[in-house]
2 protein chains.
Amino acid sequence: MATGRTHRPATRSRGIPEATVARLPLYLRALTALSERSVPTVSSEELAAAAGVNSAKLRKDFSYLGSYGTRGVGYDVEYLVYQISRELGLTQDWPVAIVGIGNLGAALANYGGFASRGFRVAALIDADPAMAGTPVAGIPVQHTDDLDRIISDNGVSIGVITTPPGAAQQVCDRLVAAGVTSILNFAPTVLSVPDGVDVRKVDLSIELQILAFHEQRKAGEEASADGGASDAEAEQAPPVRATPTTRKGPDGDMPAVMPA
Amino acid sequence: MATGRTHRPATRSRGIPEATVARLPLYLRALTALSERSVPTVSSEELAAAAGVNSAKLRKDFSYLGSYGTRGVGYDVEYLVYQISRELGLTQDWPVAIVGIGNLGAALANYGGFASRGFRVAALIDADPAMAGTPVAGIPVQHTDDLDRIISDNGVSIGVITTPPGAAQQVCDRLVAAGVTSILNFAPTVLSVPDGVDVRKVDLSIELQILAFHEQRKAGEEASADGGASDAEAEQAPPVRATPTTRKGPDGDMPAVMPA
DNA sequence: CTTTGTGAATCTTTTCACAGCC
DNA sequence: GGCTGTGAAAAGATTCACAAAG
């Protein structure tokens, strides 16, 4: 949902579809669970169920990585864990810096599942001088002034932004200038970055709004069932358009023209 | 990325594509910013830039809602804010319950942008009896035993799960039994829910893994440029497959057969 | 002249269904 | 017999490009 950037116009490198990449972590999680239970092999059907997808999709996804299964048997769990980990680049260590140590930043720093898979919180950075030195999750917070040096010294290439929205773009620019090429943005802002930098966003508010959309549908569905254009639903006086021309909202439109 | 469930086989109701729905909150945010700056109208080009998409996509998206623009002029900001809000169901109040008040749950409870758009934290629920009564973000934490009653009393239809992964499915089941039909899941677990319930997930670890994938590509690209199968990269001894048959990983495969 | 709204073309993703292999 | 791997078909999303409207 986020990036789509290709930092080189979709060169015919080893092309794994983006949708597939986004599911590999899911498979990996399911496989890790099986591995811990010492399950030796798993079928596409079983694994798909554990990952919450259908088996055809899973098989197609795996086919982009190579032929790692055995017909009539399934997939070797350990082998597949290794292959997917390698494909995702998790056989190496990724130092990560979190910028903006408020409630959310601190929560992420404390989050266990973070370190579990190759990711290591290498630095915490905040603009508040009062926080400098205070340890959060055992890691001392450092001041933004030193951002550049902190990034270089730790070889950070992945940055996590948990600042207030107003500071996000500036922080982003500084991270990029310091050499960060992947950013996970929790601030509700659209970040603009140069080509070659990937941004993914996580936005609570957006997720809730998407849920609200569907929720509303469900509520409306109970009442409908006849195809008629139902009566109004305008609880508050909606704003009137500047030029009240021919609008054609498919249904539930503004209730006729209203005086301002 | 998350739901895909249709709780009725994609009935020809007012069909707005899922991809469009996922972008509406983005447009709304950009529009709200314009509204606050009292900008009266905006072109698809400008708005698209502010939302971080291209203008053709934006126009197509809006076309599903109806014809709300004026040719040669653009879109009326206030009018569009209202229309999108209504479409997303944000003209009504959505009481939300957060279950699992650890670091993350508390951070979300404190998160400002939460309340801003129709969402209201109606209840905080945790399994730890010691937390009961303690206020977090001004809201007293209640015990899981009362989950059922809390959900009904507050008319909650959207639940947020921030429990440890082991508890997530159970909490989910209880929420659904109590009447919740939309769930935002922060726990790294695949939730199974009955038809008619929507689940969206937010997973930090997955996002980082996707970034790592692309990051790895970038690093590899510098070195390559010749099409040759490069030499190994196996830092650790990888697991050997049970039946070491003909695998054909497209490149960077396991370094020949190894004795266990 | 400017900018929307939208068919048509293109690209991506998912699903189907079955040949091929164990 | 069971299960993977994959072409081919279908569905969905994005982009193009331009007629229609102001």
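Residue numbering restarts at 1 for every chain, and letters A, B, ... go by the order of the sequence lines.
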Quick one: do A:D198 and A:S182 satisfy side chain to side chain donor-acceptor pair (under 3.5 Å)? Show the steps, please. CA-CA 5 Å; A:D198 280 314; A:S182 287; 4.6 Å; no
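Of all nucleotides listed (D:dT14, D:dG7, C:dG5), D:dG7 comes nearest to the side chain of A:K60.
Paired with B:V176 under the rule side chain to side chain contact (heavy atoms under 4.5 Å, CB included), one option of B:V171, B:T181, B:I183 passes, and it is B:I183.
Between A:Y75 and D:dG5 there is a side-chain N or O to OP1 or OP2 distance below 4.0 Å. The phosphate of C:dT4 (OP1 or OP2) has a side-chain N or O of B:S44 nearer than 4.0 angstrom. The shortest distance between the side-chain N/O atoms of A:N54 and the OP1/OP2 oxygens of C:dT14 is not below 4.0 Å.
By the side chain to side chain donor-acceptor pair (under 3.5 Å) test, B:D173 pairs with B:Q169, sequence neighbours left out. The side chain to side chain contact (heavy atoms under 4.5 Å, CB included) check on B:S35 picks up B:V77, B:E78, with sequence neighbours excluded.
If A:V73 and A:R23 are placed on DNA chain C by their nearest nucleotide, the residue sitting closer to the 5' end is A:R23.
Taking the six-membered ring where the residue is Trp, the centroids of B:Y68 and B:F62 are separated by 6.0 Å or more.
Donor-acceptor pairing under 3.5 Å is recorded for the side chains of A:R117 and A:T32.
When the C1' atoms of four end pairs are superposed on the next four at each end of the helix from C:dC1-D:dG22 to C:dC22-D:dG1, using five pairs per end, the two resulting axes differ in direction by 0°, to 10°.
For B:R71 against C:dT4, a side-chain-to-base donor-acceptor contact under 3.5 Å is present.
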